[in-house]
Number of protein chains: 2
Amino acid sequence: MAAPEGLFVLEGRPTAQLIADQLREQIVQGTFRPGQQINESAVAAQLRTSRGPLREALQRLCQEGLLISHRNRGVFVLELSTADIKEIYAVREAVELAASNTLMDAGQDQINDTCRVLKEIIRDMAKHVAVSDWQAIARLDMQFHSTFVAGTGNTRLIRIYETLAAESRMCILSLEVAYPRLDVLVQEHQNLLDLLEAGDRKGLQQAVKRHLEKAVEDLTVARLDTEITA
Amino acid sequence: MAAPEGLFVLEGRPTAQLIADQLREQIVQGTFRPGQQINESAVAAQLRTSRGPLREALQRLCQEGLLISHRNRGVFVLELSTADIKEIYAVREAVELAASNTLMDAGQDQINDTCRVLKEIIRDMAKHVAVSDWQAIARLDMQFHSTFVAGTGNTRLIRIYETLAAESRMCILSLEVAYPRLDVLVQEHQNLLDLLEAGDRKGLQQAVKRHLEKAVEDLTVARLDTEITA
DNA sequence: GAACTGTAAATTGTCAACAATCGGCGATGC
DNA sequence: GCATCGCCGATTGTTGACAATTTACAGTTC
């Protein structure tokens, strides 16, 4: 088939996508702050490229909604309001519930494959919980959910969820310390995994719903605090 | 507030987005055929612009998934397989079911506003059914569903559905005459509207599900025919 | 002192030229 | 006859320069 032994297709993906992926990572890691303007010349120089390819990448991220473009003024990193948080998690609920159903209808092999990866993520998560590495935990949290959705094999659902995951990480990042009680977090994900493995469709759906509703609560409450103190 | 009397913000939207919107319309109308390569120079000249802004627009459509980019070879219009059709309608089901729930939980005013627009669309649809204007019917069909989703007010759900609507129109277009029994089509949409107006959550959900499942059946069966005859 | 106007710097939007890459086609060798 | 190599046209990828617009600031006027 493809790539027989140690040979990779050289730079198979388009440049703009590579740049967009890098920028997305920088955004969710907080290198670019919400509301901040992206200076094309500066970022292009930093990435050792010219403004052309960079602008193409920026357009991709605008389409995703991570950046917003004001004509003749430039592109800015999205600022998340409480309404945005509710929107994001409402869509996540829709996607993850659909993924739950699809996975349950899929073969046991497909479920097992997914569960195997999810187990490893939870293991990693537990490690980082031990040392309270928030950034890593946020990344693994979203990786868990992304893997879950990826288990469906639906490329469109996966692509949609990629953006949602990025936005979710921005939510979490925007309030620095958002995770209340870290051990509960690991426990909740373990619970989702168990229900998936057991094939408990109804239970899984309810657990997903509650997991996300709880997240919205934590995020909006924390945000109210920051808004009041600010 | 904004635009007090007859004054509009001059060209408020970014250029790349305007070009992308035009191209998307051309794609779903079949001006660009599936699998066809987009010649940058030619299209840029046709749009009275240069390759720079055009390429930015193309990147947006690549991100959406309507175009696919092969490095150093160019961008091509998406070719829809039966697997794609199933994917698209699976995501549509997820989105529309979520929209149903959100709308039902929303206030009666919001529902009424939506229903008013939906009624007009159905009226238009009936007109075009009388003269069997397929293109118009396909457009109104998706406009009905887009309006339904837009009723939730969730901007992210709306943006996601925009792409799905475009892809759906491509599905329908790709097999020329896809609508079996036009009167039934109008009837089905009227049924959805009635259930929404009546506040019958369960009934609406089931109707949406069956409506989409039926569409997939029609599309995949029709596609099998074309593939056999081809 | 406040409001308005005009200028200047910085940044984005656009363009045209250059470089790199790919697919096709004919020539060559086996 | 078939496969391979190498060239050529066409198209994309990239760059730097130029034009247009916005924002901030200083100067002016009332």
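Order of the sequence lines sets the chain letters (A, B, ...), proteins ahead of strands, with each chain counted from 1.
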Between [atom2] on [N] and [atom1] on [X], what's the gap in Å once rounded to a whole number?
X        : N       : atom1 : atom2 : value
Leu54(A) : dT15(D) : CG    : P     : 11 Å
Glu40(B) : dT14(C) : CD    : P     : 16 Å
Ile19(A) : dT15(D) : CD1   : C1'   : 13 Å
Leu47(A) : dT15(D) : CG    : C1'   : 16 Å
Arg48(A) : dT14(D) : CZ    : P     : 16 Å
His70(A) : dT11(C) : NE2   : C1'   : 15 Å
Arg55(A) : dT14(D) : CZ    : C1'   : 14 Å
Ile38(B) : dA10(D) : CD1   : P     : 20 Å

Report the distance from atom CE of Met125(B) to atom CZ of Arg139(B), rounding to the nearest 0.5 Å.
10.0 Å
If you round to the nearest 0.5 Å, how far is CG of Leu185(B) from CG of Leu140(B)?
10.0 Å
Could you tell me whether Gly52(A) contacts a base, only the sugar-phosphate backbone, or nothing, with contacts defined as non-hydrogen atoms closer than 4.0 Å?
base
Is the phosphate of [N] approached by [X] (side-chain N or O, under 4.0 Å from OP1 or OP2)?
X        : N       : result
Thr49(A) : dT14(D) : no
Arg73(B) : dG23(C) : yes
Asn39(B) : dT11(D) : yes
Gln37(A) : dA10(C) : no
Thr15(A) : dT14(D) : yes
Arg71(B) : dT21(C) : no

Report yes if some heavy atom in the side chain of Leu78(A) is under 4.5 Å from a heavy atom in the side chain of Leu67(A); otherwise report no.
no
Answer yes or no: side-chain N or O of Arg51(B) and base N or O of dG13(D) forming a donor-acceptor pair under 3.5 Å.
yes
Any carboxylate oxygen within less than 4.0 angstrom of a Lys/Arg side-chain nitrogen, looking at Glu25(A) and Arg169(A)?
yes
Lys127(B)/Asp133(B) salt bridge by N-O under 4.0 Å criterion:
no
On DNA chain D, does the nearest nucleotide to Glu56(A) precede the nearest nucleotide to Asn72(A) from the 5' side, or the other way round? Give the residue.
Glu56(A)
